Colleague: 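Just dropping this structure here.
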Amino acid sequence: MRILIALAAALMATGATTAQAAAPAALAAPNISVANVQAHLNQFQSIARANGGNRAHGRPGYLASVNWVKSKLDAAGFTTRVQSFTYGGATGYNLIADYPGGDANNVIMLGGHLDSVTAGPGINDNGTGSASILEVALQMKATNFQPTKHVRFGWWGAEELGLRGSTAYVNSLSTTEKSRIKAYLNFDMTGSPNPGYFVYNGADGQPTGSVALQQRLQAGFTSLGVQTELTNVGGRSDHAAFARANIPTGGTFTGAEQTKTSAQAAKWGGTAGQAFDRCYHRSCDTTSNINATALDRNADVIAYALWATAS
Ligand SMILES: [Zn+2]
């Protein structure tokens, strides 16, 4: 998640709960193990520790993160490729992973940024989204999910410097290739220590089709008994590059530097008057800076939304 430039007024918009029921049994999305997601976070922490304390663009901890995620996906049978780009005098990398099969003219993408800021290891921002979509990808294989649509994952470089990697990826696509991508779901900060449960507002200037993704993510939380609010993440994360290409987008978010209100604390627990993530963009964004319940719920909702969208 990038630095907030203009306070998003739409944060005031309340999504509340939806009336939608839980997933039909036929969807059968797996329950994602939060222990597995946390094991991936431990790996990111170790990579940062071994590489000067961060996983930032142009630093060795970033490429080590790419190589580690790639190794897990390669072992699971994904087709992976590393796309390089240049920003700020340094080479950046995106990792793209395709799950075998599905209709290549109907592509569902999930993504999150893999880079941290230079100040710290970036475990909540965005080890959480990166680790969660990795575990969901591995569970696709483990459960032999055979979606009708083609599923592709992206781990983006240099998000913290202005969405550089995701923008380079979208710009590299032909018009036809862009038109094949029917949805992009973004996960950037999903385990904030004083969590909120935010879903990207699909109606707020987002491409047609985004509201359906919003409602699917809300339905996932509803099935877990968790209330949500809508948020306008605007240009603060990588979905913006896809939205500019008129691809429907959605995502979840547990909050960054902004303060949890009393009403939100009453609804979600945690501490009113305190930031959702007091270690946002700081050296203390470590594996101690995670709310495991929020991480678990978001990972389950990611799987729910993917199974519902790609089946
Ligand atoms: Zn960030």
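Source: prediction; values computed, not measured. Every number for a ligand or one of its atoms is a count from 1 in the order of the listing. We number each residue from 1, following the sequence as shown.
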Colleague: With the Zn ion (ligand 1) as the centre, enumerate protein N/O/S atoms below 2.8 Å in chain and residue order.
Modeller: Met1 O, Asp125 OD2, Glu160 OE1, Glu160 OE2, His281 NE2
Colleague: Give me each pair satisfying salt bridge (Lys or Arg N to Asp or Glu O under 4.0 Å) with a member in residues 151-178, each pair once, sequence neighbours excluded.
Modeller: Asp98-Arg152
Colleague: Mind jotting down which residue pairs meet the side chain to side chain donor-acceptor pair (under 3.5 Å) criterion with at least one end in residues 50-59? Sequence neighbours excluded, please.
Modeller: Arg55-Ser65
Colleague: Are Tyr99 and Phe145, when compared by the centres of their aromatic rings, separated by less than 6.0 Å?
Modeller: no
Colleague: Identify the residue among Phe85, Tyr169, Tyr62, Tyr93 that makes a ring pair (Phe, Tyr, Trp, His ring centres under 6.0 Å) with Trp156.
Modeller: Tyr169
Colleague: Knowing that exactly one of Leu185, Thr167, Ile247 qualifies, which makes a side-chain contact (heavy atoms from CB on, under 4.5 Å) with Phe242?
Modeller: Ile247
Colleague: Is there any salt bridge (Lys or Arg N to Asp or Glu O under 4.0 Å) pair reaching into residues 61-88, and which pairs are they, with sequence neighbours excluded?
Modeller: Lys70-Asp74
